Amino acid sequence: MIPSATHKIAVIKGDGIGPEIVSSAMRVLDKTAAQYGFRLSYKELRAGGCAIDDCGVPLPSDTLEGCKSSDAVLLGAVGGPKWDSMEPSLRPERALLGLRAGLGLYSNLRPALLFKELASASPLKDAGEIDILIVRELTGGIYFGDNGMYESDDMLPDGSVKGVVAYDTEAYSEGEIRRIVRQAFELARGRNKHLTLVDKANVLRTSRLWRSVAGEIASEFPDVTLDYLYVDNCTMQLIGRPSSFDVIVTSNMFGDIISDEAGMITGSIGMLPSASLGAPGTPGMYEPIHGSAPDIAGTGKANPLATILSAAMMLRWSLDESEAASCIENAVRGVISAGYRTPDIASGAEGEIHVDTEGMTEAVLKFVV
Ligand code: IPM
Ligand code: MG
């Protein structure tokens, strides 16, 4: 008999609701693995606020090393008010940026899908069908550019003194743009063959480089329609005509902003998963888009579905277990159409079954068949 594959998962539960939602996802993963004949071995690692409390830094080196030697990383959420006053290099968010940079995770896939049963949770009055994949560049741009702060005695034209000056720099190389845009084209090819590059090319030089690189790559994908939108216009169009989008590719900063907007229009950020990917063969990182929600930690109100769907993305993108991934995604579809609702997606409509984190996890487990 062929021994079943064992996938090594680095687990970072993190802060706030992180431990609750990751535990839910692990239960769903374990049942799915048993069903599909593979094994998962977990190694729990610390990052974020809990790592600051335990060892004084948000991303201990053994955490990064542990992630590098795994097949994939499953992460809950990091941060909380307790650590908000830490100096910038010691804030919990640094752990995320350190993991992204340290693992070379340049591509962040953020699917925003509106389940038709949850249309009433969308703030749009006629949301239609929303199925957007945001491909966000994740290790370049203003997040990682040159930055600094200095004191200046120079005068502004109105005669006042400049004083402290802080700066963050947006820089992109052709190589960085090319690899993410090519991946976005490939993803669009497997979907509705429509790619939108979101930028600010009327103002920014970096955006003009994105356009010229995307234009070149477009010739390799004659079957995919490429169009362009300025980011300010994009924020309006996402609300006005969300169903006309398929794949969006964009820079780190613009992707951060529009993916929150996409989360809102699809009803609840508690439903949205993400995958962060690097070079083929290196471990990807999977996490819900939402944060650590310290206000509801420990209350059972957290929606575990974004993390469960992130676990499904992990099976598909890093572990080559796409049937098991589809099984989890179908189970989530199943619980939504059966009416199970955590507080963030409950509308009070007839037929809803109101559940807590545990109840939602149990429901998904029942649908994993
Ligand atoms: C995200 C978050 C992070 C980001 C923060 C927590 C550093 O907002 O993943 O969208 O800005 O990338
Ligand atoms: Mg964000």
Side-chain angles (χ1 to χ4, degrees), residues 12-18 21-22 46-52 57-59 63-64 67 73-112 132-145 147 168-172 176 180 198 231 234-235 238 248-266 268-278 284-295 297 303 306-307 309-310 313-314 317:
I12 300 175
K13 292 185 172 175
D15 309 315
I17 59 171
I21 53 180
V22 172
R46 281 162 312 179
C50 56
I52 297 174
V57 289
L59 182 60
T63 295
L64 182 57
C67 291
V73 183
L74 183 64
L75 186 144
V78 296
K82 184 176 171 193
W83 305 281
D84 274 351
S85 54
M86 307 284 299
E87 65 134 307
S89 67
L90 288 178
R91 288 180 60 105
E93 290 81 0
R94 294 310 305 178
L96 273 186
L97 300 179
L99 284 164
R100 290 172 184 171
L103 297 170
L105 305 172
Y106 61 83
S107 165
N108 185 212
L109 310 186
R110 298 189 159 187
I132 305 171
L133 176 62
I134 296 174
V135 181
R136 170 191 179 192
E137 200 289 329
L138 202 59
T139 49
I142 199 163
Y143 274 59
F144 291 95
N147 65 81
D168 300 277
T169 316
E170 172 91 351
Y172 269 111
E176 283 174 303
I180 186 93
V198 171
V231 63
C234 175
T235 61
L238 274 172
I248 289 176
V249 66
T250 190
S251 66
N252 205 342
M253 179 71 149
F254 296 156
D256 180 44
I257 297 167
I258 63 173
S259 62
D260 269 26
E261 187 186 9
M264 190 73 201
I265 61 176
T266 49
S268 170
I269 201 162
M271 295 293 298
L272 299 189
S274 79
S276 302
L277 308 172
M285 186 163 84
Y286 300 82
E287 58 178 313
I289 283 186
H290 60 73
S292 61
D295 52 324
N303 182 350
T307 316
L309 289 168
S310 302
M313 290 188 91
M314 175 174 86
W317 288 94

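Just follow the structure's listing: the first ligand is 1, and inside any ligand the first atom is 1. Only a predicted model underlies this, so the values are computations on that prediction, with no experimental measurement involved.
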Closest non-hydrogen protein atom to atom 6 (C) of ligand 1, residue and atom name please, with distance? E93 CG, 3.7 Å
Please tell me if the side chains of T139 and E137 come closer than 4.5 Å, counting only heavy atoms from C-beta onward. yes
To check your reading of the model: name the closest protein heavy atom to atom 12 (O) of ligand 1, its residue, and the distance in Å. R100 NH1, 2.7 Å
Within the distance-only criterion (no hydrogens, no angle test), does the side chain of S292 pair as donor or acceptor with the backbone N or O of G79 below 3.5 angstrom? yes
Let's go through R94 and L59 carefully: what are the C-alpha distance in whole Å and the side-chain angles of both, what is the deciding distance for side-chain contact (heavy atoms from CB on, under 4.5 Å) to 0.1 Å, and is it a yes or a no? CA-CA 7 Å; R94 294 310 305 178; L59 182 60; over 6 Å; no
I'd like to know whether N252 forms a side-chain contact (heavy atoms from CB on, under 4.5 Å) with L138, so could you lay out the CA-CA distance, the side-chain angles of the two residues, the decisive distance to 0.1 Å, and finally the verdict. CA-CA 5 Å; N252 205 342; L138 202 59; 4.0 Å; yes
Protein contact of atom 1 (C) of ligand 1 - nearest heavy atom, named by residue and atom, plus distance: R110 NH2, 3.3 Å
Is there a side-chain contact between P111 and L272 (heavy atoms, below 4.5 Å)? no
Measure the NE2-CD1 distance between H290 and I21 for me, rounded to the nearest 0.5 Å. 4.0 Å
Residue, atom name and distance, where the atom is the protein heavy atom closest to atom 4 (C) of ligand 1: Y143 OH, 3.5 Å
Sub-4.0 Å heavy-atom approach of R136 to ligand 1: yes
Which residue and non-hydrogen atom of the protein lie closest to atom 2 (C) of ligand 1, and at what distance in Å? D256 OD1, 3.9 Å
The Mg ion (ligand 2) -> D256, closest N, O or S atom is OD1
